[in-house]
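Written below as structure tokens is the structure these notes are about.
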Amino acid sequence: MFTLTHGSTEGFPDSSAFLAWLNQLPPAWQSFFTAERELFITRAPGRLDLMGGIADYSGALVLQLPISVATHVALQRRNDRRVRIVSLAVESGAPARSFEMGLEEFGTAAAPLDYATACERFKRKPEMQWAAYIAGVFLVLLRERGIEFAEGANLLIRSRLPEGKGISSSAALEVAAMQAVAAAYELDLEPSAGAFLCQIVENRVAGAPCGVMDQMASMCGGPDELLALVCQPGTLQEPVKLPAGLAVWGIDSGIRHAVGGSDYGTVRTAAFMGYRILAMLAELECEATDTPGKVRIVDPRWHGYLANLSASEFEQQFAPYLPQRISGADFLAQYQGITDPVTTVDPARSYPVAAATRHPIYENERVNLFAELLRHWQDESQARLLGELMYASHASYSACGLGSEGTDELVRLVREAGPAQGLFGAKITGGGSGGAVAILGRPEAETVVEAIAATYAQHTGREPLGLRGSSPGAAQFGYLRLKKE
């Protein structure tokens with residue numbers, strides 16, 4: 001039986017349920033935690049990307065809503081240097097996933113394992129790659145903070161965030177694990193710094209080329225407000241409150257989205273290719289590096305971010321000179337490389353440079369206008385413009401090649417319902433190519449959203465997951481401490 005000795009689950013019914021679940025673990029797992037050490041519990045929510053999405057890696061403002069669905073991590077320190085991780089599925093009867101390693105495999109602060117080797121080790125066995133998001137926390141803290149762990153840990157994971165839905169299940173996993181390690185080992189981690197460390201876990205250990213918005217939303221977000229983050233690389237603005245007359249929902253398309261998928265990676269790489277071409281057209285100084293395919297650009301004009309170009313500047317001075325598509329081989333022959341630290345140009349691939357470059361420039365302007373409309377909210381007449389900004393963002397995803405028939409159908413159904421039925425706009429979330437759609441409407445339009453989900457299921461044969469509600473990020477939740485009796 002576990003007894004709570006620090007923290008509270010008040011306002012977090014899912015955390016109360018998690019504690020009850022711990023006390024009802026099946027006999028096979030009763031001995032996973034001992035009575036010798038305290039147990040630390042952390043919680044990190046997923047997020048809905050209302051505006052900004054894939055423009056984060058180009059320096060745009062993004063607006064993210066932490067949702068009510070979350071991942072919990074229970075951690076107990078061990079007497080040896082082993083790390084054992086178990087993920088127990090929410091679905092009854094689904095198999096558990098487990099992973100175990102010795103921390104000595106990550107090396108020492110003086111000679112830590114390099115990220116490329118760690119990433120390759122986790123990818124060597126696809127069935128073990130999920131563990132990179134948790135075990136990678138120990139390696140990143142070792143490499144980035146010089147923290148050597150004299151003791152290992154047992155970690156039990158239970159997530160209600162389904163994978164591949166575009167709602168940041170991976171970021172929530174990293175953030176909950178990072179917070180649990182920080183609490184159990186008494187590490188002083190400022191929330192935004194912890195989010196950046198989690199991004200390194202995903203980029204360098206798990207090998208997924210994401211920006212930092214997901215980790216920031218899961219770590220630093222507040223309930224019923226949009227986390228406003230300028231991704232240069234990650235400056236938090238005042239959060240944007242949702243007016244009482246607006247609500248946000250998410251509907252999963254049933255099409256699996258993957259941040260590490262080739263579509264997302266192709267578009268991200270293409271955006272950095274576009275930036276490299278613009279830098280040449282603007283006569284910015286470009287230097288070779290010791291890494292093949294990577295360059296360094298001296299950029300006092302845009303400071304390395306496409307989002308710092310205005311749409312008019314882009315269209316008048318640069319857009320006519322960008323190729324619609326270019327092969328990786330031709331690009332490397334002409335421009336040597338890109339500045340992105342987490343993607344590389346594949347000579348055999350064709351890249352949609354013009355669309356991928358245009359997207360973050362226009363998206364940043366859309367997001368800033370969206371935020372201003374919400375910050376100076378007067379009445380519902382502004383909601384139609386908010387919706388049009390969302391529809392334009394969705395169309396831009398498709399122009400980049402990140403659309404999907406499922407998300408397009410959901411957006412079409414929302415547009416068809418329209419303001420007359422209380423719905424103002426919708427767009428694909430996060431990295432695109434499937435996943436969920438975010439919907440903006442009046443709070444009383446919930447039944448309309450439910451009807452759209454039912455219609456979509458009837459048309460496609462896919463049972464969509466509905467998302468409604470918000471909750472605090474991991475930093476506001478803090479941690480719970482339990483004693484086993």
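These figures come from a predicted structure and were not determined experimentally. The residues of the chain are indexed from 1 along the displayed sequence.
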**OP:** Tell me, with the steps shown, if Leu141 and Met178 meet side-chain contact (heavy atoms from CB on, under 4.5 Å).
**Re:** CA-CA 9 Å; Leu141 287 169; Met178 183 69 71; 4.0 Å; yes

**OP:** Using distance alone, with no hydrogens and no angle criterion, decide if Glu409 and Thr460 have a side-chain donor and acceptor under 3.5 Å apart.
**Re:** no

Original post:
Which pair of heavy atoms, one from Asp114 and one from Arg143, lies closest together, and at what distance?
Top reply: CA-NH1, 3.5 Å

Subject >> Minimum side-chain heavy-atom gap Gln215-Cys210 below 4.5 Å >> reply: yes

**OP:** Would you check if the side chain of Asp49 reaches a backbone N or O of Gln64 as a donor-acceptor pair within less than 3.5 Å?
**Re:** no

Original post:
Do you know the tightest heavy-atom contact between Thr344 and Thr269?
Top reply: O-CG2, 3.8 Å

Subject >> Check against side chain to side chain donor-acceptor pair (under 3.5 Å), Glu190 and Ser192 >> reply: CA-CA 6 Å; Glu190 189 271 331; Ser192 60; 2.5 Å; yes

Subject >> Separation of Leu467 CG from Leu65 CG (nearest 0.5 Å) >> reply: 10.0 Å

**OP:** Could you tell me whether a side-chain N or O of Asp224 sits under 3.5 Å from a main-chain N or O of Lys241, the two making a donor and an acceptor?
**Re:** no

Original post:
Is the CD atom of Glu287 crowded by more than 12 outside heavy atoms at less than 6.0 Å?
Top reply: yes

Original post:
Does Gly46 offer a backbone N or O that forms a donor-acceptor pair with the side chain of Ser168 under 3.5 Å?
Top reply: no

**OP:** Could you grab the distance from atom OG1 of Thr407 to atom CG of Leu402, nearest 0.5 Å is fine?
**Re:** 9.5 Å

**OP:** Calculate, to the nearest 0.5 Å, the distance between atoms CD and CG belonging to Glu144 and Leu139 respectively.
**Re:** 8.5 Å

**OP:** State, with a plain yes or no, whether a side-chain heavy atom of Gln317 is found less than 4.5 Å away from one of Leu309.
**Re:** no

Subject >> Pair listing, ring-ring contact (aromatic ring centres under 6.0 Å, His included) test, anchored in residues 175-210, at least two apart >> reply: Phe149-Tyr185

Original post:
When rounded to the nearest 0.5 angstrom, what is the spacing between CD1 in Ile439 and OG1 in Thr429?
Top reply: 11.0 Å

**OP:** Look at the side chain of Asn364 and the backbone N and O of Pro360, then say whether any donor-acceptor pair between them is shorter than 3.5 Å.
**Re:** no

Subject >> Note, Arg375 side chain near Val240 side chain (heavy atom, < 4.5 Å) >> reply: yes

Subject >> side-chain contact (heavy atoms from CB on, under 4.5 Å) between Ile134 and Leu173, worked out >> reply: CA-CA 7 Å; Ile134 307 119; Leu173 186 57; 3.8 Å; yes

Original post:
Any side-chain heavy atom of Val345 sitting closer than 4.5 Å to one from Met273?
Top reply: yes

Subject >> Carboxylate-amine/guanidinium proximity below 4.0 Å for Arg82 and Asp80 >> reply: no

Subject >> Heavy-atom closest pair, residues Pro323 and Ile326 >> reply: CG-CB, 4.2 Å

Original post:
Measuring from Thr289:OG1 to Arg296:CZ, what's the distance to the nearest 0.5 Å?
Top reply: 6.5 Å

Original post:
Looking only at heavy atoms, which two atoms of His376 and Gln382 are closest? And how far apart?
Top reply: O-NE2, 3.4 Å

Original post:
Does Ile67 offer a backbone N or O that forms a donor-acceptor pair with the side chain of Ser471 under 3.5 Å?
Top reply: yes

Subject >> Nearest non-hydrogen partners of Lys427 and Ser393, listed with the distance >> reply: CE-OG, 3.1 Å

Original post:
Is Phe106 close to Met101 at the side-chain level, that is, under 4.5 Å between some pair of heavy atoms?
Top reply: yes

**OP:** Working to the nearest 0.5 Å, report the span between CD of Gln179 and SG of Cys198.
**Re:** 7.5 Å

**OP:** Evaluate the side-chain proximity of Glu202 to Asp214: yes if any heavy-atom separation is below 4.5 Å, no if none is.
**Re:** no

Original post:
When you measure from the side chain of Arg276 to the backbone N and O of Tyr335, does any donor-acceptor pair fall under 3.5 Å?
Top reply: yes

Original post:
Which heavy atom in Pro209 sits nearest to a heavy atom in Gly207, and how many Å separate them?
Top reply: CD-O, 3.9 Å

**OP:** Please confirm whether the backbone N or O of Gly304 pairs with a side-chain atom of Asp299, one donor and one acceptor, at under 3.5 Å?
**Re:** yes

**OP:** With sequence neighbours left out, write down each residue that passes ring-ring contact (aromatic ring centres under 6.0 Å, His included) with Tyr362, or none if nothing qualifies.
**Re:** none

**OP:** Applying side chain to side chain contact (heavy atoms under 4.5 Å, CB included) between Phe99 and each of Met128, Lys125, Glu127, report the one that passes.
**Re:** Met128

Subject >> Lys123 and Glu120 ion-paired at < 4.0 Å >> reply: no

Subject >> Glu313 and Arg301: CA distance, side-chain angles, deciding distance, salt bridge (Lys or Arg N to Asp or Glu O under 4.0 Å) verdict >> reply: CA-CA 12 Å; Glu313 176 187 21; Arg301 185 169 178 177; 2.9 Å; yes

**OP:** Without swapping roles, check the side chain of Tyr397 against the backbone of Ile54 for a donor-acceptor pair under 3.5 Å.
**Re:** yes

Subject >> Step-by-step salt bridge (Lys or Arg N to Asp or Glu O under 4.0 Å) determination, Arg78 to Glu151 >> reply: CA-CA 6 Å; Arg78 295 171 58 111; Glu151 296 181 332; over 6 Å; no

Subject >> Charged N-O contact under 4.0 Å between Glu186 and Arg77 >> reply: no

Original post:
With distance as the sole test, does Ser253 use its side chain to make a donor-acceptor pair with the main-chain N or O of Gly435 at under 3.5 Å?
Top reply: yes

Original post:
Below 4.5 Å, heavy atoms only, C-beta onward: do Gln476 and Pro223 meet side chain to side chain?
Top reply: yes

Original post:
Would Tyr391 and Val414 satisfy side-chain contact (heavy atoms from CB on, under 4.5 Å), going step by step from the backbone distance to the final call?
Top reply: CA-CA 10 Å; Tyr391 289 134; Val414 171; 3.6 Å; yes

Original post:
Which ring-ring contact (aromatic ring centres under 6.0 Å, His included) pairs, counting each pair once, include a residue from residues 273-313, with sequence neighbours left out?
Top reply: Trp302-Phe318

**OP:** Starting from the C-alpha separation in whole Å, work towards a yes-or-no answer on side-chain contact (heavy atoms from CB on, under 4.5 Å) for His72 and Ile41.
**Re:** CA-CA 7 Å; His72 285 86; Ile41 309 295; 4.3 Å; yes

Original post:
Do the side chains of Leu440 and Val248 get nearer than 4.5 Å, heavy atoms only?
Top reply: yes

**OP:** Report yes or no: does Thr42 contribute a side-chain atom to a donor-acceptor pair with the main-chain N or O of Ala176 at less than 3.5 Å?
**Re:** yes

